[in-house]
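Within every chain, numbering begins at 1; the chains are lettered A, B, ... in the order of the sequence lines, protein sequences first and strands thereafter. Only a predicted model underlies this, so the values are computations on that prediction, with no experimental measurement involved.
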Amino acid sequence: MMTVEVFPLRFYEESPEIVAKNLLGKFLFKREDDAFLGGLIVETEAYYGFEDPASRAFGGIKNYNITMQEEPGRVFIYNVHKYWMLNIVAHGPNRIGAVLIRALQPTEGIEIMKRNRPVREITDLTTGPGKLTLALGIDKHLNGVPVTSSESQIFVANNNVKFEIGSSRRIGVKKDLNQNLRFFIKGNEFVSTKRE
DNA sequence: AGGAAGATCTACT
DNA sequence: GTAGATCTTCCTA
């Protein structure tokens, strides 16, 4: 693998919306023995705290969502409909928030990921929040792990690419806020849905 | 101990 | 476009 440049904690100490956009085009890697699984982040969604009816923190801090209000730059994982959702905690001081990783463009460990989640087309491998956690072998045990160190089992690394950012309402959300909080790389074929 | 909800996915029509 | 399957967690009793 190429040289790895991770981001410091302050990269994640911004509003979820800002971090959601800043994470696009960056690498996400998960360590698997001697191999790395992962790829480019091509689709994200921002979630806030008590004021966001779609947020896991809506209704109060509980055991299972406590990570959302703790230190930014850490993994926050919860379950929905049998699948694990991968988030990265992102918020200013004394706030609550996280960024949901919705889709990856696979670049590393593709063979292993295909074993974890057999598919015919590579465009089916990690093009959805539940799909990518299965392919990368991510579950609740990674909850709280910092993505700010390349020594972590899972981390985010820098990458310099140019692209246009598209946005839309969040996917699958019953009670959404009145603004676009889903962001994706325009024209990328690994975005989970064409909806804009 | 049981019921309900959910930021999903797949397979159909 | 929609129905149904499926799991983890929370709420009430």
To the nearest Å, give me how far apart CZ (A:Arg102) and C1' (B:dC9) are.
11 Å
Show your reasoning for whether side-chain hydrogen bond (donor to acceptor under 3.5 Å, both in side chains) applies to A:Arg74 and A:Asn87.
CA-CA 8 Å; A:Arg74 289 172 182 268; A:Asn87 299 251; over 6 Å; no
Structure string for DNA chain C in dot-bracket form, Watson-Crick and G-U at under 3.5 Å, | interchain:
|||||.||||||.
Compare every heavy atom of A:Arg56 with every heavy atom of A:Asn79, then report the nearest pair and how far apart it is.
O-NH1, 4.1 Å
Nearest-neighbour nucleotide for the A:Lys131 side chain, B:dC9, C:dA5, B:dA7 considered:
B:dC9
For the side chain of A:Trp84, starting at C-beta, report the closest nucleotide among B:dA7, C:dT8, B:dG6.
C:dT8
Can you measure A:Lys82 atom NZ to B:dC9 atom C1' for me and round it to whole angstrom units?
8 Å
Are any non-hydrogen side-chain atoms of A:Phe76 and A:Asn143 less than 4.5 angstrom apart?
yes
Could you work out which one of B:dG6, C:dC10, B:dA7 sits closest to the side chain of A:Asn87?
B:dA7
Give the nucleotide from the list C:dC10, B:dA7, B:dG6 with an atom nearest to the side chain of A:His81.
B:dG6
Do NZ/NE/NH1/NH2 and the carboxylate oxygens of A:Asp176 and A:Arg182 come within less than 4.0 Å?
no
Rounded to whole Å, the CG-P distance (A:Leu181 to B:dA7) equals 14 Å
Using 4.0 Å as the upper bound for N to carboxylate O, is an ion pair formed by A:Lys21 and A:Glu17?
yes
Rounded to whole Å, how long is the line connecting atom CZ of A:Phe76 with atom P of C:dT9?
11 Å
If you pin A:Arg117 and A:Val173 to their nearest nucleotides in DNA chain B, which one's is more 5'?
A:Val173
Side-chain heavy atoms of A:Pro106 within contact of A:Phe190, under 4.5 Å
yes
What integer distance in Å separates A:Asn63:CG from C:dT8:C1'?
14 Å
Rounded to whole Å, the CG-P distance (A:Asp124 to B:dA11) equals 10 Å
Measure from CG on A:Leu134 to P on B:dT10 and round the result to the nearest Å.
9 Å
Side-chain contact test, heavy atoms from C-beta onward, threshold under 4.5 Å: evaluate it for A:Asn188 versus A:Leu40 and give yes or no.
no
Under 4.0 Å between a side-chain N/O of A:Arg56 and OP1 or OP2 of B:dG6, yes or no?
no
Check the distance between B:dC9's P and A:Leu125's CG and give it to me in whole angstrom.
13 Å
What contact category does A:Tyr83 fall into here, base, sugar-phosphate, or nothing, at under 4.0 angstrom with non-hydrogen atoms?
base
Does A:Lys174 make a side-chain N or O approach to OP1 or OP2 of B:dA5 shorter than 4.0 Å?
no
Would you tell me if any nitrogen or oxygen in the side chain of A:Lys140 comes within less than 4.0 Å of OP1 or OP2 on C:dC7?
no
